Amino acid sequence: MKKSFEKIDFGFTKININKKEKLVNNIFDSVSSKYDLMNDLSSLGLHRLWKQELINWIAPQSNQSLLDIAGGTGDIAKLFIKSGGKSADIIDINFNMLINGISNDNRIRYIVGNCEKLPIKNNFYDRITIAFGLRNITYRQLALDEIYRVLKPGGRFICLEFGVVNDDIVKKLYDLWSFKIIPKLGKIITNNEDAYKYLIESIRMFPDQDKLSSMFIKSKFERVKYKNLSKGIASLHSGWKF
Ligand SMILES: C[S@@+](CC[C@H](N)C(=O)[O-])C[C@H]1O[C@@H](n2cnc3c(N)ncnc32)[C@H](O)[C@@H]1O
C-alpha cells in the first residue's frame, strides 16, 4: 500500500485514506451472516422494490452477461438470472459476504476482488451494476473508470445508491428512522451498532444525485441520467459506453 496522508470520510469521521478499505471490510465481516435480514428490517422491505426497479431498467436479455460489482450476498445477480439474463458474475472484496449468499446456479460465478482494479479484460460485459456499493469504496472515480473499461461498447451501467431526499416530511421521518432506529436494530440483530451508524452516516456523506451524475460523465459514460426512488431515499443512475 502506498503511504498517503490524505484524509477521507468514514461516516462522519475523517480517517487516513489507507485505512478505509480495512475498516469497511471489518464491518461487512461482522454483519455478513445477518446482512440480508438487516436489509429487510432496516429498509422495511423497500430495498427489494428498488433492486427490482434496477432490474426493470436493465430489462435482461437471454444473450446478456452481467457483472455485479460489490455484489455481496448476490441479490442483483440472482434477480438478473431470474429475469432472463444469460450469466452473472459477482465481484466483492469480502469473502464472507459472498459465502453468505452463495447460489448453486452455475450461471452465477463469484470473484473475490477489489473493483478499483478489476481482474477482467477490456470490453467484456454487456451490463454492469452496483447496488449500495459505491459509497463504501475508497477510490470511487477509479472504480467508475474500471467499470467503463470492462463494459462492452454498447453496454450499460446502472448504479443503485442512497440519495438526497427531496420531500421535507419524508426527510424528517427518514432521518428519525435512520439515526434512532437502524443503529439499535443493528445492535439487536448483529451485535454491532457502530456498523450501522457508519452505514447511515456514509449515506449522508455520499455525493448527491447530480454530483454522482458528474462522476459518471468524468469516467466517460454517455446518456447519463438518473431517477429517484421513494422521494430520493435511493436513486438509480444509468450510463452507456459507446
Ligand atoms: C452494502 S453492501 C451491498 C451488497 C449488495 N450489492 C446489496 O445490494 O445488497 C456493500 C458491499 O460492497 C463491498 N465492497 C466494498 N468495497 C469494495 C471494493 N473496493 N471492491 C469490491 N467490493 C467492495 C462490501 O464488501 C459489501 O459486500
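The residues of the chain are indexed from 1 along the displayed sequence. Every number for a ligand or one of its atoms is a count from 1 in the order of the listing. Note that the structure is a prediction, hence the values are computed from the model and not measured.
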- Checking side-chain hydrogen bond (donor to acceptor under 3.5 Å, both in side chains) for the pair N123/K241: CA distance, chi angles, key distance, verdict? CA-CA 10 Å; N123 308 323; K241 174 173 173 178; 2.8 Å; yes
- Item | Rounded distance [0.5 Å steps], CZ in F162 versus CG in D208 |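 If I round to the nearest 0.5 Å, the distance is 16.0 Å.
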- Co-members of the apolar cluster containing W240 [side chain, <4.5 Å]: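 Traced through the cluster, W240 reaches F242.
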- Message: Tell me every residue that passes side chain to side chain contact (heavy atoms under 4.5 Å, CB included) with Q209, counting only those two or more places apart in sequence or in another chain.
- Response: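 Once residues adjacent in sequence are excluded, the partners of Q209 under the side chain to side chain contact (heavy atoms under 4.5 Å, CB included) criterion are V164, Y226, N228, S235, H237.
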- Using side chain to side chain contact (heavy atoms under 4.5 Å, CB included) as the criterion, list what pairs up with D126, not counting sequence neighbours.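 Scan of D126 (side chain to side chain contact (heavy atoms under 4.5 Å, CB included), adjacent residues dropped) gives Q64, S65, K152.
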Which N or O atoms of ligand 1 sit under 3.5 Å from a protein N or O, and how far apart is each pair?
| unit_1 | atom_1 | unit_2 | atom_2 | d |
| --- | --- | --- | --- | --- |
| ligand 1 | 6 (N) | A70 | O | 2.9 |
| ligand 1 | 6 (N) | A131 | O | 2.8 |
| ligand 1 | 8 (O) | K51 | NZ | 3.4 |
| ligand 1 | 8 (O) | A131 | O | 3.2 |
| ligand 1 | 9 (O) | Y35 | OH | 2.9 |
| ligand 1 | 9 (O) | K51 | NZ | 3.0 |
| ligand 1 | 19 (N) | N114 | OD1 | 2.8 |
| ligand 1 | 20 (N) | C115 | N | 3.0 |
| ligand 1 | 22 (N) | I93 | N | 3.2 |
| ligand 1 | 25 (O) | D92 | OD1 | 2.6 |
| ligand 1 | 27 (O) | D92 | OD1 | 3.3 |
| ligand 1 | 27 (O) | D92 | OD2 | 2.7 |

- Without swapping roles, check the side chain of R127 against the backbone of L66 for a donor-acceptor pair under 3.5 Å.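 Here the side-chain-to-backbone pair does not exist.
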